[in-house]
Amino acid sequence: FDGRGREVWDENYKKYDAVNLGFGGDRTEHLLWRIKYGAFDKMKPKVAVVMIGTNNTGHLQSPAAETALGVKACIDQLHNELPETKILLLAIFPRGKDANDPLRKINEKINGIIKGYANGTTVHYMDINHIFLNEDGVLPREIMSDLLHPGKEGYELWAAAINSKLKDLGL
């Protein structure tokens, strides 16, 4: 939500003193390191939204099972550090023009695994990918101009899709 999403972030989450710990180029191992080594020191969030893994796909073309294990390690470590925090685990967003894109296929395999990490109490899974795609499953450049990163409209769709779930989880 930095850059193109900052205005959307401020409009939706600033009132909660929310912190955005997502960084461009992040892979699961980067997030895991930050969780283990102090990113949440002195914080006690009610809810943490986790969406990680697409850069493992794009940078390394890591196997889906390997990236899914990285996601699992992140949510497990987050739970260890913040046992009272509920986790909203989002499906990795679609990338590439359409369902034939090889990187989108990897992300879909990862999503098929990570949805099983939800337990309905501490970890909740949500797949909002359909909101970014047109009826033919194509990712419009108006939503993600580079077919990977949301533009302002993409961030607006993202926030609108998760806000009611965040409220359900106690935000």
Side-chain angles (χ1 to χ4, degrees), residues 1 4-5 8-9 12-13 18 20-32 35 45 47-79 85-144 146-151 153-169 171:
F1 278 92
R4 295 176 278 190
V8 177
W9 177 272
N12 287 274
Y13 308 114
N20 179 4
L21 295 176
F23 297 100
D26 255 1
R27 296 190 312 261
T28 57
E29 58 269 29
H30 301 134
L31 177 58
L32 180 60
I35 295 167
V47 181
V49 178
V50 176
M51 198 277 292
I52 189 80
T54 198
N55 291 323
N56 294 73
T57 298
H59 295 170
L60 307 172
Q61 294 187 16
S62 298
E66 182 178 300
T67 299
L69 285 174
V71 173
K72 179 86 165 94
C74 289
I75 61 173
D76 287 348
Q77 187 66 37
L78 189 57
H79 182 68
T85 298
K86 293 178 183 167
I87 298 169
L88 177 56
L89 177 61
L90 296 180
I92 300 172
F93 292 167
R95 60 182 298 155
K97 180 182 176 189
D98 57 34
N100 295 315
D101 185 273
L103 300 180
R104 189 186 298 189
K105 289 179 181 182
I106 295 171
N107 282 355
E108 287 301 316
K109 287 179 185 174
I110 298 165
N111 290 338
I113 298 168
I114 68 173
K115 69 181 177 184
Y117 300 161
N119 59 25
T121 52
T122 57
V123 181
H124 303 263
Y125 179 79
M126 193 172 186
D127 184 341
I128 63 170
N129 290 353
H130 66 281
I131 67 168
F132 300 116
L133 305 173
N134 71 19
E135 59 278 351
D136 296 323
V138 172
L139 182 58
R141 289 194 180 269
E142 299 80 37
I143 305 295
M144 296 182 189
D146 62 356
L147 303 176
L148 175 61
H149 299 95
E153 185 179 348
Y155 283 107
E156 289 170 343
L157 291 168
W158 181 356
I162 67 170
N163 283 347
S164 64
K165 184 65 174 179
L166 291 174
K167 286 185 183 9
D168 291 346
L169 295 176
L171 186 65

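Positions are given from 1 along the sequence.
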Enquirer: Mind checking what makes side chain to side chain donor-acceptor pair (under 3.5 Å) contact with N111, not counting sequence neighbours?
Expert: none
Enquirer: Mind checking what makes side-chain contact (heavy atoms from CB on, under 4.5 Å) contact with D26, not counting sequence neighbours?
Expert: F23, H30, R34, I52
Enquirer: So, taking the atom named CE in M51 and the one named CD1 in I128, what distance separates them when rounded to the nearest 0.5 Å?
Expert: 8.0 Å
Enquirer: Using salt bridge (charged side-chain N to carboxylate O under 4.0 Å, His left out) as the criterion, list what pairs up with R95, not counting sequence neighbours.
Expert: none
Enquirer: Determine whether H149 and M144 make a side-chain contact, defined as any pair of heavy atoms from C-beta on separated by less than 4.5 Å.
Expert: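 They are not in contact (no side-chain heavy atoms under 4.5 Å apart), so the answer is no.
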Enquirer: Determine whether a donor-acceptor pair (N or O, by modelled atom type, separation under 3.5 Å) exists between the side chain of R104 and the backbone of K97.
Expert: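 Judged by distance alone, yes, a pair lies under 3.5 Å.
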Enquirer: Do L88 and K165 have side chains that get closer than 4.5 Å, going by heavy atoms?
Expert: yes
Enquirer: Who passes side chain to side chain donor-acceptor pair (under 3.5 Å) against S164, sequence neighbours left out?
Expert: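 Partners of S164 under the side chain to side chain donor-acceptor pair (under 3.5 Å) test: none.
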Enquirer: Return each pair, listed once, that meets ring-ring contact (aromatic ring centres under 6.0 Å, His included) where at least one residue sits in residues 113-136; pairs must be two or more places apart or across chains.
Expert: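 Listed by first then second residue: F93-F132.
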Enquirer: Among all residues two or more places apart in sequence or in another chain, which pass the ring pair (Phe, Tyr, Trp, His ring centres under 6.0 Å) test with Y155?
Expert: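 If we apply the ring pair (Phe, Tyr, Trp, His ring centres under 6.0 Å) test to Y155, skipping adjacent residues, the hits are F1, W158.
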Enquirer: How far does CG of L169 sit from CD1 of I87, to the nearest 0.5 angstrom?
Expert: 10.5 Å
Enquirer: Supply the atom-to-atom distance L60 CG to E29 CD, rounded to the nearest 0.5 angstrom.
Expert: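 L60 CG to E29 CD: 6.5 Å, rounded to 0.5 Å.
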Enquirer: Holding to side-chain contact (heavy atoms from CB on, under 4.5 Å), I want the full list of residues that pass it with A48, two or more places apart in sequence or in another chain.
Expert: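 Listed in chain order: L78, T85.
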Enquirer: Would a 4.5 Å heavy-atom cut-off, applied to side chains only, mark T122 and K86 as touching?
Expert: no
Enquirer: To the nearest 0.5 Å, what is the distance between CD1 (I35) and NE2 (H79)?
Expert: 13.0 Å
Enquirer: Donor-acceptor pair, N56 side chain versus T28 backbone, under 3.5 Å?
Expert: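 Such a contact is found between N56 side chain and T28 backbone.
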Enquirer: For the atom pair CD1 (I75) and CG (N119), what is the distance rounded to the nearest 0.5 Å?
Expert: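 If we round to the nearest 0.5 Å, I75:CD1 and N119:CG are 8.0 Å apart.
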Enquirer: Among pairs that include at least one residue of residues 117-135, which meet salt bridge (charged side-chain N to carboxylate O under 4.0 Å, His left out), considering only residues two or more places apart or in two chains?
Expert: none
Enquirer: Side chain of N55, backbone of H59: donor and acceptor closer than 3.5 Å?
Expert: no
Enquirer: Check for a donor-acceptor pair, side chain of D101 on one end and backbone N or O of L103 on the other, with a separation under 3.5 Å.
Expert: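 It does hold such a pair.
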Enquirer: Mind listing the closest non-hydrogen atom pair of G53 and N107 along with its distance?
Expert: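 Result for this residue pair: O-OD1, 4.5 Å.
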Enquirer: Go through the structure and list residues passing salt bridge (charged side-chain N to carboxylate O under 4.0 Å, His left out) with E156, not counting sequence neighbours.
Expert: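 By the salt bridge (charged side-chain N to carboxylate O under 4.0 Å, His left out) rule, E156 matches K152.
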Enquirer: Among all residues two or more places apart in sequence or in another chain, which pass the side chain to side chain donor-acceptor pair (under 3.5 Å) test with Q77?
Expert: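 Checked Q77 against side chain to side chain donor-acceptor pair (under 3.5 Å); matches are E81.
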Enquirer: Ignoring hydrogens, what is the shortest heavy-atom contact between I113 and A68? Give both atom names and the distance.
Expert: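 Closest approach of I113 to A68, heavy atoms only: CG2-CB, 3.5 Å.
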Enquirer: So do the side chains of L148 and T54 get within less than 4.5 Å of each other, counting heavy atoms only?
Expert: yes
Enquirer: Holding to side-chain contact (heavy atoms from CB on, under 4.5 Å), I want the full list of residues that pass it with N100, two or more places apart in sequence or in another chain.
Expert: D98
Enquirer: Does the side chain of I143 reach to within under 4.5 Å of the side chain of P140, using non-hydrogen atoms?
Expert: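 I143 reaches P140 side chain to side chain.
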Enquirer: What pairs meet the salt bridge (charged side-chain N to carboxylate O under 4.0 Å, His left out) rule with one or both residues in residues 63-79, with sequence neighbours excluded?
Expert: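 Listed once each, the pairs are K72-D76.
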Enquirer: To the nearest 0.5 Å, tell me how far L133 CG sits from L139 CG.
Expert: 6.0 Å
